Structures are given as structure tokens and as C-alpha cells.
Amino acid sequence: MAKQRMLKFVDVDRDMPEKRPPNLRAQDFGEIYAEYATAKAEEQASRCSQCGVPYCQSHCPLHNNIPDWLRLTAEGRLQEAYEISQATNTFPEICGRICPQDRLCEGNCVIEQSGHGTVTIGSVEKYITDTAWENGWVKPAAPLSERTESVGIIGAGPGGLAAADVLRRQGVQVTVYDRYDRAGGLLTYGIPGFKLEKDVVMKRIDQLEQGGVNFKMNCNVGEDISFAELRETHDAILIATGVYKSRELPAPGVGAQGIVRAIDFLTASNRKSFGDAVPEFDSGELNAEGKKVVVIGGGDTAMDCLRTSIRQGATSVKCLYRRDKANMPGSQREVANAEEEGVEFVWLTAPKGFKGDTVEGVMVSKMRLGAPDASGRQSPEEIEGADYVEDADIVIMALGFEPEALPTLWDVPELGVTRWGTVKADFQTHETSMKGVYACGDIQRGASLVVWAIRDGREAADAILDQINAAAQVAAE
Ligand SMILES: Cc1cc2nc3c(=O)[nH]c(=O)nc-3n(C[C@H](O)[C@H](O)[C@H](O)COP(=O)(O)OP(=O)(O)OC[C@H]3O[C@@H](n4cnc5c(N)ncnc54)[C@H](O)[C@@H]3O)c2cc1C
Ligand code: SF4
């Protein structure tokens, strides 16, 4: 069988308008589209060989019961498929959209391994949950009875929200504090809307609110409220603040106008899509329209900046990366998407400085791959005398993120951190060096993935429940 190209069947209206029959109006198309999506999901689900060695499941950080929900989907039993899928995943429709499946479930599908093209697990997961929403099967976390204990969660990203959901379902009083105006963390302001539609995220947040989660937005812990106050208010605290300090490039000219941080560029674009006033976008400072764009970095954030620039109408979009394609840290699928959309990857190039007070170009060294380093990866080495200038009107720095110094910012020196600045916590209970204080997601493991933040949040919530149940039992004795 020929290797199949992954069909994004659920995005056909947006991504494949040529599939729309010409005589149909948009409202008619909805029906055809739904039929098409169902047929496609069933077809894909029926390709699962129920192999008995579900590497897909063991390589999903949530250990989703993939073979079972694929079988139920193939049989048209979608509500049951949804029940199984949501039992292990708080936000299946989000993971279905943005997990790097090629590195997780799909990359380990036995059918993929045997060269026949993976079952498109993520797309089916998304389809099942989108259908569940349409049919009203997705219910708010309504507890059977209320408890008096309260938990304060700092950070409304996927880690904090997954924990809030688990705790609220058990009747715990939950308050989520976040310094942004909207909840969702990087789901809302980091990941672009063409990968994750914002209404999908907002729907989940509305539902958590309906389930009784209390959101305190525009509340920067450490500034608007102290960590000590939170500890006095709540029986347990979960730190789910993510990592936001952008890595810098110490190179001549780096302060020039037109050199911007990836997170600022993406946040501006996401805010614009919410209809917010974004003066830095309107002034052109954080807008790629009509510009020559150079993105520095090779991870998924870089891919998002490249693809956003294309959509904003940049005249050219280039990515500088100091290794080659095979050694790119990001998802190969994302690289392929970017290439298909017109991004030019300039492999084996490293920036060594910037030209102009308002940036005009990047001074680039050409590299070659040398001997492997301690990690086994070949180290890039500069090729003498091969420097050149890559023209640019805007340079987007996507070199990764580091944690903020929470013990200093929050005046809690007793909060243990690793040498990378992430919060030290047990990897099962997620309890930190402070009793009753837990951590999850990127602030514990470093910049990672949504699916890992969800897993951590769920595990931390379970450990917090154990803690408050044990305390309640002691009080009752
Ligand atoms: C551009 C980009 C694209 C990405 N794309 C993908 C992808 O396609 N797939 C994928 O799986 N992962 C992706 N990731 C990674 C993923 O978004 C993160 O791993 C995930 O969001 C981490 O979740 P979290 O809950 O730990 O933190 P976050 O999502 O970062 O949320 C943390 C929240 O804490 C709040 N906060 C921080 N400090 C404070 C404070 N002092 N007081 C109050 N609130 C505070 C922040 O405002 C934020 O809302 C991407 C990351 C980036 C940057
Ligand atoms: S959560 Fe992610 S890794 Fe797990 S099955 Fe879904 S798409 Fe695959």
C-alpha cells in the first residue's frame, strides 16, 4: 500500500476549499462536510489493526486508550468513544489539534512502522470530541457535593486548568490566578489560531467557569498579591506558571529596532485575532506584512513565527538554523508544513550580528557539522571566510524560553529550584520543597508540550486530593 498523506479532514472547509462543490452555499456545505468528516474518521479508525502491542498508547503521555476509541469510532459508537477518550484527557480536542503526533502516538503506530502510513490518531481524537461538543456530551465539572477545602492555582495554562478540572469535579473550591486578561496560557496567546482556533480554548474556559472554577485574571502573583497571602488563603497551592523568559542572543547590534521576541510577535498576532487593540501590530513593529522576515531558531515556536509571517503577507520568510534538517529540534511535520507554505530554510547558518540601527540584515556565518558532542549530536562548526549578510526588515528571535526566578520574584527562598531555574518537585506527586505547594507543566519540566502539562496537572490534582483527604481524616478523628 502506498504511504498515505495525512488528511486533515476536519479542516477541509478552510484548508481545501477546492473540495467544495461549486454549486453549494456555505450553509449547505456544513452538512456535506460533516458527512465527509464522519466517513473519514470511521475510515481512519478502521485502519487500526488492534495490534495488541499498543505502542501508540504507551507513547501518549496520557496513556490514552487509543485502540478502544478507534474501534468504537469505526463502529460509529461515537459517544462511547468520547467517554473513553475524555477519561484520560482533559482537553482531547486540543491535543488532537496540536500534539506533535509524529513524535508521540502516530510516530509509534505499528502500521506507520511497517511503512503503510499511520492511523491519523490525533485527527480522530479531535473529531470525536468536536462531535461530543456539537451533541452536548461535554459536561461542566459539576460536583455531587461541595467541600470546604480550597486550592489556589497560579497560572491558567493547560497544566493549571487540567488540575482545576480534576479538583472541581471532587467539589474542591478552586481559584485560578493569572496575570493575563484571558485564561489559557500559551493555548491562548502563544500557539497561533491556524493551529488551535481560539474559540476551542475559550469554550473550555467558559465550561470550567460554569463548573464553579473561580478565575482571578489580571492578577500577577508577586505584584498584585503575594505568594504568602495565597498560602494563608488556601489549603494547597499549585504553581503552573510556565516559562516566559526569552533566551537572548548576545551579538553585536542585537538591540536594533526591528529585532523582536517570538512571544511578543505571536501574542500580538493572537490578540489581534481576538479583536483587541494592539498598537504595536498596527504600527508595524510586530507585524510582518510586506516585510522580509528572518526567524532565528529551529523549534516549534520558530515554526509558528514563520507560518504566522506567511499569513500576515510577508514578502519573504527565511529560517536560519545552525544545524541541518535532520538535526532540527522541532516536529518534522511542522517543518514540512512551513516548507509547503513557502518558508525558505537556510540550513547550517548561525547569526553573528545585525546590520543597521533599524535592522537591515543579519550577519551570518556558514556552518558545517563536526564531531558529535557529549549528547551524540554533531556540533556545528563555523566555516572560515564564508560569512554573508541575509537581508531582513524584521528579525524574530525564537531561541527558546527559560523560567523566571520565582523564589526571588515571590520572596520565597525556601522554594527549591533546579540549576536551570525550574521548580524542583516530585515527578509523581508534584510536591515541591514546600509542604502543600505543588508545581506542574513547563515551570517544573522546562519548555515542553501541552499534553505533558495536562498530565502533570492531573497528577498534581490527585496528590492534592490525597493531601486534603488525609487532613480531613485526621480532623475527623
Ligand atoms: C509559540 C509556542 C507554540 C507551541 N506550540 C505547541 C504545540 O503545537 N503543541 C504542544 O503540545 N505544545 C506547544 N507549545 C508548548 C506548550 O504551549 C506549553 O508546553 C504549555 O502551554 C505549558 O503549559 P503550562 O500550563 O505549564 O504553562 P503556560 O501555558 O505557559 O501557562 C502559564 C500561565 O501562567 C501565567 N503566569 C505566569 N506567571 C504568573 C504570575 N506570576 N502570576 C499569575 N500568573 C502567572 C501565565 O500568564 C500563563 O497564563 C508551544 C509553545 C509556544 C511558546
Ligand atoms: S493526547 Fe496527543 S499523544 Fe495522546 S493520543 Fe492524543 S494526540 Fe496522540
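Computed from a prediction, not measured in an experiment: that's the story for all the values here. One-based numbering, in listed order, for ligands and for the atoms of each. FYI, the numbering just counts along the sequence from 1.
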Does any part of the side chain of D304, heavy atoms only, come nearer than 4.5 Å to the side chain of L266, both counted from C-beta? yes

For ligand 1, give me the residues whose heavy-atom distance to it is below 4.0 Å, by chain and number please. I98, I154, G155, A156, G157, P158, G159, Y177, D178, R179, Y180, G185, L186, G190, I191, K195, C219, N220, V221, A240, T241, G242, Y244, L266, T301, D304, F401, W410, G441, D442, S448, L449, V450, A453

Donor-acceptor side-chain pairing of Q332 and D102 below 3.5 angstrom: no

Neighbour count above 12 (heavy atom, 6.0 Å) for E414 CD: yes

Could you grab the protein N, O or S atoms closer than 2.8 Å to atom 6 (Fe) of ligand 2 for me? E125 OE1

Y55 atom OH: more than 12 heavy-atom contacts under 6.0 Å: no

Between D300 and K195, does at least one N-O distance fall below 4.0 Å, as a salt bridge requires? no

Hey, are the side chains of C105 and I66 touching, using non-hydrogen atoms and a 4.5 Å cut-off? yes

With a 4.5 Å cut-off on side-chain heavy atoms, are Q467 and Y438 touching? yes

Between D264 and R271, is there a side-chain N and carboxylate O pair less than 4.0 Å apart? no

Testing the 3.5 Å rule here: is there a donor-acceptor pair between the side chains of W420 and E402? no

